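FYI, the numbering just counts along the sequence from 1. Just so we're clear, the structure is a prediction, and the values are computed from it rather than from any experiment. Whatever order the structure lists them in is the order used to number ligands and atoms, beginning at 1.
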Amino acid sequence: ADRPLIVINFKNYREAQGDGALRIAKAAEDVSRRTGVLVAVAPPQVTLMQVVRSVSIPVFAQHVDDVEPSSTTGFVPPESVSASGASGSIINHSEHRLPEDTVGRLVRRMRDLGLTSLVCASTPDEAARLARFSPDYIAIEPPELIGTGRAVSRVAPEVISRGVEAVHAVSPDVTVLCGAGIASGDDVRASIELGAMGVLVSSAIVRAPDPGAKVEEFARHASGVRGR
Ligand code: G3P
């Protein structure tokens, strides 16, 4: 990607269950269309295919498992994501960690299926190790800031700048995002100024009284465009 990107992870927040996932996804689609900023959504797994069919922006799974499309009850193999029509998946989110070799195998399987991999890392060092698998995206998120409203770009800016450098030293083609505590348009702009191509965000949007307005604030700052 060569233009700013906002990825919204709905997690399993109550606001994002069932029809809630559709509402937030449609609000995100609307903002993306009006601002030209790339916005992608990762709704709860059980809503995936319905969301894919309801919006035209990229839709990601929140997790995939390194299991076969076979007798693997309750797991989500990459083939399920592919068949649902989704664009790709988050892998190794800090709330759903995987061993490093498993991340590597999943990135390869996703690539073979033509799916996008967004791999999460907690630190610049971990990001550099995971960069050797050459996923499409790496998102650096210090776990202690997730869900706090204390933005990584404000509280730990060096994690972003060092992370971008560390990833690109290993694999220059990986697009680096950052996340954790991103709460305002200014946090988004700061993230991009520090070298990230965009943000991975959850609570500030999913739990907002008006998610669409919040996505719009983020998008306006990501593109540097203020106001209408
Ligand atoms: O996946 C994004 C996430 O972990 C960050 O969460 O609520 O701090 O934006 P939040």
Side-chain angles (χ1 to χ4, degrees), residues 4-17 20-21 24-25 27-28 31 38-45 47-48 51 57-64 76 81 86-98 103 106 116-124 126-127 130 135-157 159-160 163 175-192 194 196-219 221-222:
L5 171 71
I6 297 168
V7 182
I8 309 168
N9 174 9
F10 294 6
K11 305 196 176 181
N12 277 319
Y13 284 123
R14 288 184 189 281
E15 294 86 340
Q17 299 302 331
I24 302 170
V31 171
L38 226 50
V39 183
V41 292
Q45 306 282 64
T47 70
L48 196 59
V51 174
I57 55 175
V59 179
F60 284 70
Q62 294 183 3
H63 175 84
V64 277
V76 179
V81 175
S87 304
S89 185
I90 296 172
I91 297 172
N92 196 44
H93 191 277
S94 80
E95 292 153 12
H96 208 149
R97 304 258 306 169
L98 294 165
V103 175
L106 281 167
T116 299
S117 294
L118 193 170
V119 170
C120 295
S122 299
T123 62
E126 187 191 7
L130 296 173
D136 301 283
Y137 297 94
I138 290 185
I140 305 177
E141 301 196 312
E144 67 280 9
L145 297 177
I146 290 176
T148 63
R150 298 172 62 233
V152 58
S153 49
R154 197 158 24 90
V155 184
V159 170
I160 304 174
T175 300
V176 182
L177 307 177
C178 68
I182 301 291
S184 71
D186 285 332
D187 297 337
V188 175
R189 186 174 35 222
S191 301
I192 294 170
L194 286 159
M197 188 57 76
V199 295
L200 177 58
V201 57
S202 182
S203 51
I205 289 172
V206 176
R207 313 209 67 198
D210 183 348
K214 201 68 188 174
V215 181
E216 173 139 9
E217 176 191 331
F218 279 25
H221 283 73

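- Of all the atoms in ligand 1, the ones that sit under 4.0 Å from a non-hydrogen atom of Gly147 are 7 (O), 8 (O), 10 (P).
- Atoms of ligand 1 lying under 4.0 Å from at least one heavy atom of Asn9, given by number and element, are 1 (O).
- Between His96 and His63, the angle of the ring planes stays under 30°, which puts this pair in the parallel group of the 30/60° scheme.
- Checked by distance only, ligand 1 and Ser203 come closer than 3.5 Å through their nitrogen or oxygen atoms.
- Taking every non-hydrogen atom of Val201 and a distance limit under 4.0 Å, the qualifying atoms of ligand 1 come out as 9 (O).
- In this structure, Gln45 contributes its side chain and Gln62 its backbone to a donor-acceptor pair below 3.5 Å.
- Checking only distances, Ile146 never comes within under 3.5 Å of ligand 1, N or O to N or O.
- Across Leu118 and Ala139, no two heavy atoms sit closer than the pair CD2-CB, 3.7 Å.
- For the pair Ile57 and Val41, the tightest heavy-atom approach, listed with the atom from each and the gap, is CD1-CG1, 4.0 Å.
- Looking at Thr148 next to ligand 1, no N or O pair under 3.5 Å apart turns up.
- For the residues Gln62, His93, Glu141, the heavy atom positioned nearest atom 5 (C) of ligand 1 is part of Glu141.
- Using modelled atom types, no side-chain atom of Ser191 and backbone atom of Ser153 make a donor-acceptor pair closer than 3.5 Å.
- A heavy-atom separation below 4.0 Å is found between Lys11 and ligand 1.
- The closest approach between a heavy atom of Ala180 and any atom of ligand 1 is below 4.0 Å.
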